[in-house]
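Structure record follows, encoded as structure tokens.
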Amino acid sequence: MNSDSESAQHPDFRIAGEREAGVNCARCNQVIRQGELTARCTSCGAIHHQHCWMQYQSCGSYQCSLGGMSSGNKDKTLVISRDDLNQAEPLPVVSSYTDNAQTVSEKPKQLWNKLALTTFIVALIGIPLFGIVTGLIAMVLGCIALVSHPVHKKGFALAVLGLVIGFFEMIGWSVGLYYFYGNPHATSISLNEYAFDESSLENLPEYLKRAMKSNVLIQVSNGLLSQGMGSGVILKKDAGQVLIITNRHVIDHEFKGKTQNPPADLNELGDITVQAIGQLPVPASVEWIAPHGIDLAIISAPLAGRNVSEAFWNQKELPMIGANVFAVGNPHALGWTHSSGSISQYRKQTRGVFTYQVIQTTTPLNPGNSGGGLYDENGLLIGINTMTGDKRFAEGLGFAISFKALLDLAPATFQLAAQQGNPQNKNTVNPTPETDD
């Protein structure tokens, strides 16, 4: 009998310890538990239950049973003992590749969040372009990018930055557009380049000369970002002091043309200066603001001299629709500018419980004409220019508050009668000689 048959007849019997426990029996393939009687084949090292070995009197492993091979091939059978298995070393792992796979040792690349990149790009584009729309879009995209941002992608900081840029560019563009379009009376004043030529008054008819001399330039300062400019009409002069009618929105930058109570302290409206022909600006104070949110106000200032005149008016003789009228004011700081047109219609406007007349005119009006006078062809004051239609969409649409509204609302202390001045030879002479105060 050869050595293989001897080992098959004489296995190594032992009680299963930690080494054998958990191994499947080579014969019945059941788990061997610690403490059970076992038989180990001395040829191949396979572990069996002792009763399984005794039942078949041979090893149940593939190696010892020759795997169904003929006995002639026994010498060619490769036998691996358990000791050989314990000494074996694992083969190196071979990386497998597919079309989109990466090697095991290579760290996967972190991709960008495309929505975050889009947010940042839109925010940057909006800085030189129309930032109100692009800024809002960048904020919406930024919020979506932050909420849905994948953990494994880059771009979280870009989404935050794009959102912040979009917010500030929307605010910046809104403020800029407000001061450019929404605050037309905040016009820069530059009279030095186109100063008024006093000699132009010499050959004017008296009615037009009086209208020129009753016009004043009003400047209002409410800080660096709020500079206002408009016109006013001298109503009365007494002992070096004059009363001037103007629009409320010229001196009150917070007034937006709707019903609004005047401030408790009129001195809080800002620094107001008034300039007459050939004189330096002098400080002015607010005396009265019309109730019900009507766009009228009266200020006073220390003005005197031969180029300071009171306006004439007569509410008993109002021109008809189609009659020629003219305006004198300071459009775009071009002081004492004359413009002419006609009366298009008389209209009504209601503020609170008060209804008053508004004159629609074709006379060209521009920012700076606000608060100036609208006169009939005889130089009588008939209205206070207050607004014009948007010139991007309409031409020849100007409006003036009828002077009668001032006479109805002004306190009696101002002593404004229904008629002031009575030129006999209209369009040619002034019956009341002007004197220096």
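All values below were derived from every heavy atom in this structure, side-chain atoms included, with hydrogens, water molecules and symmetry-related copies excluded. The residues of the chain are indexed from 1 along the displayed sequence.
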Is a side-chain N or O of D295 found less than 3.5 angstrom from the main chain of R248, in a donor-acceptor match? yes
With a 4.5 Å limit on heavy-atom distance, are the side chains of W288 and P411 in contact? yes
Do you know the tightest heavy-atom contact between G368 and M229? CA-CE, 3.8 Å
To the closest 0.5 Å, what do you measure between CG (D376) and CG (N324)? 10.0 Å
Check this for me: Q415, atom CD, are more than 12 non-hydrogen atoms of other residues, nucleotides or ligands nearer than 6.0 Å? no
Do L374 and I384 have side chains that get closer than 4.5 Å, going by heavy atoms? no
Looking at E20 and R14, is there a salt bridge between them, counting it only when a charged N and a carboxylate O are closer than 4.0 Å? yes
Give, for atom CG of N314 and atom CG of L318, the distance between the pair rounded to the nearest 0.5 Å. 8.0 Å
Under 3.5 Å, side chain of H48 to main-chain N/O of R40, donor-acceptor pair present? no
Any donor-acceptor N/O pair, N330 side chain to L334 backbone, under 3.5 Å: no
Do the side chains of F120 and I165 get nearer than 4.5 Å, heavy atoms only? yes
Donor-acceptor pair, side chain of N378 and main chain of L380, under 3.5 angstrom: no
Which residues satisfy the side-chain contact (heavy atoms from CB on, under 4.5 Å) test with Q360, sequence neighbours excluded? S344, Q345, R347, L397, F399
Partners meeting ring-ring contact (aromatic ring centres under 6.0 Å, His included) with F403 (sequence neighbours left out): W313
Donor-acceptor pair, distance only, cut-off 3.5 Å: does the side chain of E36 make one with the backbone of R33? yes
Worked check of side-chain contact (heavy atoms from CB on, under 4.5 Å) between R210 and F312: CA-CA 8 Å; R210 175 174 287 276; F312 283 177; 3.3 Å; yes
Side-chain heavy atoms of V274 within contact of I299, under 4.5 Å: yes
Indicate the atoms forming the closest heavy-atom contact of M139 with G166, along with that distance. CG-C, 3.9 Å
Apply the test side-chain contact (heavy atoms from CB on, under 4.5 Å) to residues T355 and Q349: give CA-CA distance (whole Å), side-chain angles for both, the deciding distance (0.1 Å), then the verdict. CA-CA 6 Å; T355 299; Q349 190 170 38; over 6 Å; no
Among all residues two or more places apart in sequence or in another chain, which pass the ring-ring contact (aromatic ring centres under 6.0 Å, His included) test with F167? none
Donor-acceptor pair, distance only, cut-off 3.5 Å: does the side chain of N247 make one with the backbone of H249? no
Determine the minimum heavy-atom distance between A400 and N385, stating which atoms define it. CB-OD1, 3.6 Å
Just wondering, do I218 and T273 contact through their side chains at under 4.5 Å, heavy atoms? no
Rounded to the nearest 0.5 Å, how far apart are OG of S300 and CD1 of I272? 9.5 Å
Does one side chain, of H49 or T38, offer a donor that lies under 3.5 Å from an acceptor on the other? no
For F326 and Y207, take the angle between the two ring planes, folded into 0 to 90°, and tell me which bin it lands in: parallel under 30, tilted 30 to 60, perpendicular over 60. perpendicular
Quick one: OG on S339 to CG on L365, what's the gap to the nearest 0.5 Å? 6.0 Å
Compare every heavy atom of A290 with every heavy atom of L409, then report the nearest pair and how far apart it is. CD1-CB, 4.5 Å
Within the distance-only criterion (no hydrogens, no angle test), does the side chain of N369 pair as donor or acceptor with the backbone N or O of V328 below 3.5 angstrom? no
Close side-chain approach of I245 and K236, heavy atoms under 4.5 Å: no
Nearest heavy-atom contact between V233 and G373 is CG2-N, 3.4 Å
Ignoring hydrogens, what is the shortest heavy-atom contact between T246 and S231? Give both atom names and the distance. OG1-O, 2.7 Å
Value rounded to 0.5 Å, distance of CD in E377 from CG in L208: 13.0 Å
Donor on one side chain, acceptor on other, D271 and S221, under 3.5 Å: no
Between Q30 and N24, a side-chain donor and acceptor under 3.5 Å: no
Counting only heavy atoms not in F168, do more than 12 fall under 6.0 Å of its CZ? no
Start with the C-alpha gap between M212 and N215, add the side-chain angles, then the distance that decides, and say whether side-chain contact (heavy atoms from CB on, under 4.5 Å) holds. CA-CA 5 Å; M212 288 286 182; N215 176 74; 5.9 Å; no
Can you tell me how far apart OG1 (T119) and CG (L161) are? Round to the nearest 0.5 Å. 10.5 Å
Just checking, any donor-acceptor pair under 3.5 angstrom between side chains of T363 and Y375? no
Is it the case that the side chain of E287 and the backbone of L243 share a donor-acceptor pair, with hydrogens and angles ignored and the cut-off at 3.5 Å? no
Sub-3.5 Å donor-acceptor pair from the side chain of S342 to the main-chain atoms of A323, do we have one? no
Under 3.5 Å: donor-acceptor pair, side chain of Q275, backbone of Q279: yes
Looking at side-chain heavy atoms only, is the closest gap between K348 and Q357 below 4.5 Å? no
Flag the pair I277 / E198 as yes when at least one side-chain heavy-atom distance between them is below 4.5 Å, and no otherwise. yes
K209 vs S309, side-chain contact (heavy atoms from CB on, under 4.5 Å): CA-CA, chis, key distance, verdict: CA-CA 9 Å; K209 184 185 298 185; S309 296; over 6 Å; no
